[in-house]
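Residues take their numbers from the sequence shown, with the count starting at 1. Quick caveat, the model's predicted, so the values are computed rather than measured.
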Amino acid sequence: MPRFNQFTLAQPHAFVASTTTRVDLPRSGFITHLDHLLRVDLNTAAAATAVEDGLSRLVSAYRIRAAGAKSFFDVNDGRLWHFWNMHRYLGQIHVDAIPTGVAASTIIRQIMPLHWGFDPLNLFDAKVVIPARDIQNLQSELVWGAAADIGVNQTITSADFTLTVHEISLEPGETVASFWTQGFLLPRFESRSTPITVQANLGFEDDVPVGDTLFQTLLLVLAAAGTRSDAEASEVGVKFPKTRETPLQVQWQTKLKQSRYLFSLPATLVGTFLLPWEQISRNPFGLDLKLAQAGDVKLALSTNLGTGTFRRMHYALG
């Protein structure tokens, strides 16, 4: 029988403002889940204010990469990652409030899970894994933000990002085929960011990534000030240009409210929701784009203002 191990790495990512830090990931097994604990030792002045989603924004970008340009996770805004988790874990993601208004020194924390399997509550879900044992130079790469991402009159004394690994480790003599009799899938994440222009009738378009099976997409709309906003978009849609089909064209506000009940969220989120591609394909694995070409499927918005930013994080299975 394989071993099911969970352990915290001795080396965390240590905070250096606006700098990239790297931590080697273990190559002892097949990684099923990673927990990331963000800890910030914060000094708050009497007139301090907090930025919306400040702890998530301190994670400016995060990647998991290996030799040969292999990428398993890539997010260019920690808010994309956080709100993906908010949907997957039904709103039960711990985030401490950033203190404001009084001079104080305090430690605040946020948990940022990274689970690529179909059952987020099973830390050893073996259907989608990173085969760390069989790849070289597997690294976690964090691009830190700065104290200004948390708020005004906030000083970061220190911060770290600690990784806890959950892996399946085969015993000597065991083979991959003996445990994964039907094989396993590999995760692939891709994040994009585009300035919004005013377009009616789903005219603001973006090609979705092809070559794998597209499982989920987290959509995030930001106002010019960088805060989450529902003022920029009025509709969201999916287009298949070659067949002239539009299987999804729904009001932005409807999808927000729908997301709340589909994912049992404690409140309706502003400016963001998760699109499971099963809604389009009727296939629980998502939308099969292994043989598709760029432009075959487009994510689209009808937009009201031309001052914000459209960000999205695509999760595909290969």
Side-chain angles (χ1 to χ4, degrees), residues 12-13 15 18-23 25 31-38 40 51-66 69-89 93-95 110-117 120 128-130 138-146 149-150 159-165 186-195 206-209 211-212 214-222 226-228 259 263 269 271-277 286 299 308-318:
H13 289 273
F15 174 74
S18 305
T19 299
T20 301
T21 58
R22 295 175 178 85
V23 170
L25 291 175
I31 299 174
T32 60
H33 179 102
L34 288 170
D35 272 324
H36 305 75
L37 184 63
L38 176 62
V40 181
V51 170
E52 176 189 75
D53 307 324
L55 280 179
S56 296
R57 293 170 75 166
L58 191 59
V59 179
S60 183
Y62 187 69
R63 306 175 186 96
I64 294 180
R65 294 176 171 175
K70 291 180 181 176
S71 177
F72 299 101
F73 186 71
D74 192 339
V75 65
N76 58 15
D77 184 332
R79 289 173 289 185
L80 290 167
W81 183 6
H82 170 63
F83 287 109
W84 179 63
N85 277 325
M86 284 288 285
H87 287 82
R88 301 246 294 171
Y89 289 98
I93 296 296
H94 179 88
V95 185
Q110 175 171 343
I111 189 75
M112 301 184 79
L114 184 46
H115 185 92
W116 22 80
V128 189
V129 302
I130 293 180
L138 184 63
Q139 286 190 325
S140 157
E141 181 179 284
L142 171 60
V143 182
W144 289 99
D149 293 312
I150 287 182
D160 51 56
F161 201 54
T162 302
L163 283 71
T164 297
V165 178
L186 301 177
R188 170 191 164 199
F189 287 78
E190 183 177 322
S191 299
R192 299 178 182 178
S193 180
T194 309
D206 181 64
D207 297 344
V208 305
D212 290 309
L214 190 56
F215 182 47
Q216 295 174 333
T217 296
L218 193 284
L219 293 81
L220 174 67
V221 170
L222 305 176
T227 53
R228 289 181 283 114
S259 241
F263 295 98
L269 297 173
T272 185
F273 66 85
L274 183 66
L275 173 63
W277 286 92
L299 193 60
T309 305
F310 177 40
R311 295 187 178 175
R312 52 267 183 222
M313 182 178 75
H314 299 290
Y315 175 28
L317 306 168

- Just wondering, do Y315 and V128 contact through their side chains at under 4.5 Å, heavy atoms? yes

- Gap separating the OG1 atom of T217 from the CD atom of E190, nearest 0.5 angstrom: 10.0 Å

- Message: Under 6.0 Å between ring centres: does that hold for W81 and F73?
- Response: yes

- If we only count heavy atoms from C-beta on, is the V51 to I150 side-chain gap below 4.5 Å? no

- Query: Can you tell me how far the CH2 atom of W84 sits from the NE2 atom of H115, to the nearest 0.5 Å?
  - Reply: 8.0 Å

- H36 and V59: side-chain contact (heavy atoms from CB on, under 4.5 Å), yes or no, with the steps? CA-CA 11 Å; H36 305 75; V59 179; over 6 Å; no

- Check P276 against L274 and note the closest heavy-atom contact, atom names and distance. CD-O, 3.4 Å

- Task: With R192 as reference, evaluate N76, D207, D206 under the side chain to side chain donor-acceptor pair (under 3.5 Å) test and give the passing residue.
- Result: D206

- Look only at the side chain of E52 and the backbone of R228, and say whether a donor-acceptor pair between them is shorter than 3.5 Å. yes

- Output yes when a side-chain donor or acceptor of N85 lies under 3.5 Å from a complementary backbone atom of P113, and no otherwise. yes

- Query: Under 3.5 Å, is there a donor-acceptor pair between the side chain of D77 and the main chain of R79?
  - Reply: yes

- Message: Could you report the tightest heavy-atom contact between F15 and L58, atom names first, then the distance?
- Response: CE1-CD1, 4.0 Å

- Item | Any side-chain heavy-atom pair of R22 and E141 under 4.5 Å | yes

- Message: Let me confirm one number: the CZ-CZ distance from F215 to F189, rounded to the nearest 0.5 Å.
- Response: 9.5 Å

- Task: Could you grab the distance from atom CE of M112 to atom CG of L55, nearest 0.5 Å is fine?
- Result: 9.0 Å

- Item | Approximate separation, where rounding is to 0.5 Å, of I130 CD1 and K70 NZ | 11.5 Å

- Query: What pair of heavy atoms forms the shortest contact from W116 to T32, and how long is it?
  - Reply: NE1-O, 3.5 Å

- Message: With heavy-atom distances below 4.5 Å as the criterion, would you say the side chains of D212 and L317 are in contact?
- Response: no

- Query: Hey, which of I64, L138, V129, L114 is the one that makes side-chain contact (heavy atoms from CB on, under 4.5 Å) with I31?
  - Reply: L138

- Note on the structure: In this structure, CG of L220 is separated from CZ of F273 (nearest 0.5 Å) by 11.0 Å

- Item | Side-chain donor-acceptor contact under 3.5 Å, R312 with T194 | yes

- Query: Hey, does V40 have a side-chain heavy atom less than 4.5 Å from the side chain of Q110?
  - Reply: no

- Item | Atom of A61, atom of L142 and distance for their closest heavy-atom approach | O-CD1, 3.5 Å

- Message: Hydrogens and angles aside, do S193 and R311 bring a side-chain donor and acceptor to less than 3.5 Å of each other?
- Response: yes

- Query: Would you say T272's side chain and L219's backbone share a donor-acceptor pair under 3.5 angstrom?
  - Reply: yes

- Message: Looking at every heavy atom in both A146 and S18, which two are closest together, and how far apart are they?
- Response: CB-OG, 4.0 Å

- Compare every heavy atom of H13 with every heavy atom of S140, then report the nearest pair and how far apart it is. OG-NE2, 2.7 Å

